[in-house]
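Values reported hereafter were calculated over all heavy atoms of this structure, with side chains retained and with hydrogens, waters and symmetry mates removed. Reminder, nothing fancy here: chain letters follow the sequence lines and each chain counts from 1.
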Amino acid sequence: MLLTRLAQVSRQVAATSARSRKTALLAELFRDAEADDVPIVIPYLAGRLPQGRLGVGWKVLSRPVPPAADSTLTVQEVDALLSELGKVSGPGSQAERARLVGELMGAATEEEQRFLLGLLTGEVRQGALDAVAVEGLAQATGADPAAVRRAVMLAGSLQTVAQALLAEGPGALERFRLTVGRPVLPMLAHSASSVAEAVEKLGACAVEEKLDGIRVQVHRDGDTVRVHTRTLDDITGRLPEVTAAARELRGERFILDGEVISFDAAGRPRSFQDTAGRVGSRTDVAKAAGEVPVSPVFFDALSVDGTDLLDLPFAERHARLARLVPEPMRVRRTVVSGPGDLAAAERFLAETLDRGHEGVVVKALDAPYSAGRRGASWLKVKPVHTLDLVVLAAEWGHGRRTGKLSNLHLGARDPDGGFAMLGKTFKGMTDAMLAWQTERLQELAVEDDGWVVRVRPELVVEIAYDGLQRSSRYPAGVTLRFARVVRYREDKRPEEADTVEALLAAHPEVRP
DNA sequence: TTCCGACAGTGGGGTCGCAAT
DNA sequence: ATTGCGACCCCACTATCGGAA
């Protein structure tokens with residue numbers, strides 16, 4: 001199949017807002033794909049490369065290459081070249097990657113270049129990713145969409161399911177069952193603003209501590225243990241403690257879901273930055289493990305001794321987990337019967353925060369494990385802090401925010417009477433707020449370099465955030481975690497904004 | 001007819017590893 | 001030795017579509 005066909009469909013998909021139309025366009029393309037093209041066409045139209053990321057970013061891609069006049073590239077040729085690109089390493093590799101990218105782009109028409117650019121940066125922006133591709137695949141093969149979705153979650157891969165489905169038809173879906181050793185997409189949580197709201201929604205539920213570490217899925221089959229992240233990357237080699245812990249358990253075959261986190265000598269959780277740095281270390285794992293040891297803490301069991309537990313209610317899955325995993329290796333929890341039992345849930349949250357954790361996850365006791373979904377039956381509750389900060393500058397937005405001032409630079413008052421930048425945010429704004437702030441900030445503008453618009457520090461904005469973290473980038477030595485706009489405070493003057501000093505005093509556990 | 005679940009988009013900060021300087 | 005880039009951890013929030021209620 002020619003690349004131009006994919007580029008055209010991608011453009012058409014982007015041009016329509018109706019999901020049903022997007023699905024139909026993808027289905028038509030998938031039907032036409034030859035068997036050899038399927039493993040390439042499917043991921044491409046889901047906005048991903050089958051090879052994963054290739055070490056090519058904006059630096060290389062921003063160099064313009066004159067487009068070809070005619071469409072001659074086949075998807076096979078593109079795939080072969082990108083596979084080659086992925087193998088390049090060592091001295092001179094940046095130049096070699098740039099050369100290969102230049103070769104590819106030079107053979108592509110303007111429309112094809114745009115499509116390839118989206119694929120290589122992971123930003124196709126066609127309003128359709130995996131979920132719409134799955135729907136299109138079901139339509140193309142006449143399979144039940146829910147069955148296809150489930151197979152994709154269990155296989156952890158759209159491409160594998162697509163190949164089987166297009167080659168063999170809907171019967172092939174049977175093959176994709178939960179298998180020890182093959183990672184499945186993990187279940188995710190929604191947010192709730194309070195424990196009361198969460199318990200009200202869920203009724204009988206477990207309230208579990210939420211650890212601020214790295215999500216892991218641990219598979220053990222006899223002596224073989226594999227550890228995967230939320231995106232199913234294999235990180236077994238970086239976490240010898242987890243492998244050892246899994247081997248100690250009194251079960252030969254299982255899949256467990258949990259979090260990896262580092263505790264200090266006093267048993268308090270280390271900061272997310274410390275845990276993440278440890279888990280990210282690959283070159284000298286033994287040294288990293290000596291300095292920042294990590295522990296697995298589990299909260300769910302997907303499979304035990306060959307039995308698939310996914311469709312069992314959480315209460316039963318947890319009972320199996322408790323039989324397999326001793327207490328210190330399980331998340332602390334309390335079970336409440338419903339809104340009448342709210343006090344117990346609130347008390348548990350307070351204790352969890354006292355122990356230094358992030359918050360809690362409230363889970364319905366009767367819910368199955370919804371692999372790959374952001375199920376409404378898990379609700380996380382974290383305390384939210386707010387500050388009144390001053391807008392120092394704003395950046396012009398992209399995509400649907402083109403022409404709008406979007407990303408705000410936020411400052412707190414510093415001791416010299418000026419403002420210290422604490423970070424940026426683009427979150428929390430409605431379209432109306434975007435329009436309003438674009439107008440208002442341009443009135444305050446003192447400089448516009450086409451990217452950042454600096455403004456007189458006069459506009460006060462209320463910002464919600466999850467906590468402070470160390471920063472080497474910002475002048476106060478700290479930055480806000482997950483900052484988002486709550487509302488503008490036109491009733492406040494910049495002299496009334498919060499100070500760096502007060503912020504640091506509110507978070508004694510973080511020292512710049 | 002209205003409501004709500006699921007998705008995609010719009011980007012944030014830190015840290016590590018690697019190659020270039 | 002330092003710097004810059006890319007990958008990958010963590011993530012919040014809004015708009016929109018289309019099926020459920």
Candidates C:dC9, C:dA15, C:dA12 - which lies nearest the side chain of A:K382: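 Closest nucleotide to the A:K382 side chain: C:dA12.
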Closest to the A:F482 side chain, choosing from C:dA12, C:dC5, C:dA7: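 The nucleotide sitting nearest to the side chain is C:dA12.
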Residue met sooner reading DNA chain C from 5', once A:V485 and A:T229 are mapped to nucleotides: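 With A:V485 and A:T229 compared, the 5'-side residue is A:T229.
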5'-most by nearest nucleotide on DNA chain C - A:I214 or A:R19: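 Looking at the nearest nucleotide for each, A:I214 comes out on the 5' side.
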Lys/Arg cation over aromatic A:F272: A:R481, 6.0 Å, 45° cone: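 Geometry flag: set, cation within 6.0 Å and 45°.
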Using OP1 and OP2 only, check whether a side-chain N or O of [X] sits under 4.0 Å from [N].
X      : N      : answer
A:S17  : C:dT16 : no
A:R230 : C:dC10 : yes
A:T275 : C:dC9  : no

Parallel, tilted or perpendicular: rings of A:W378 and A:Y369 (30°, 60°):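 Perpendicular: the ring planes of A:Y369 and A:W378 meet at over 60°.
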Boundaries of the DNA chain B segment in contact with chain A, non-hydrogen, under 4.0 Å: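 Endpoints of the contacted stretch of DNA chain B: B:dA6 to B:dA20.
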5' priority, DNA chain B, between A:G90 and A:Q469 [closest heavy atom]: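 Its nearest nucleotide lies further toward 5', so the answer is A:Q469.
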Residue matched to B:dC7 through Watson-Crick or wobble contacts both under 3.5 angstrom: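 Across any shown strand, B:dC7 pairs with none.
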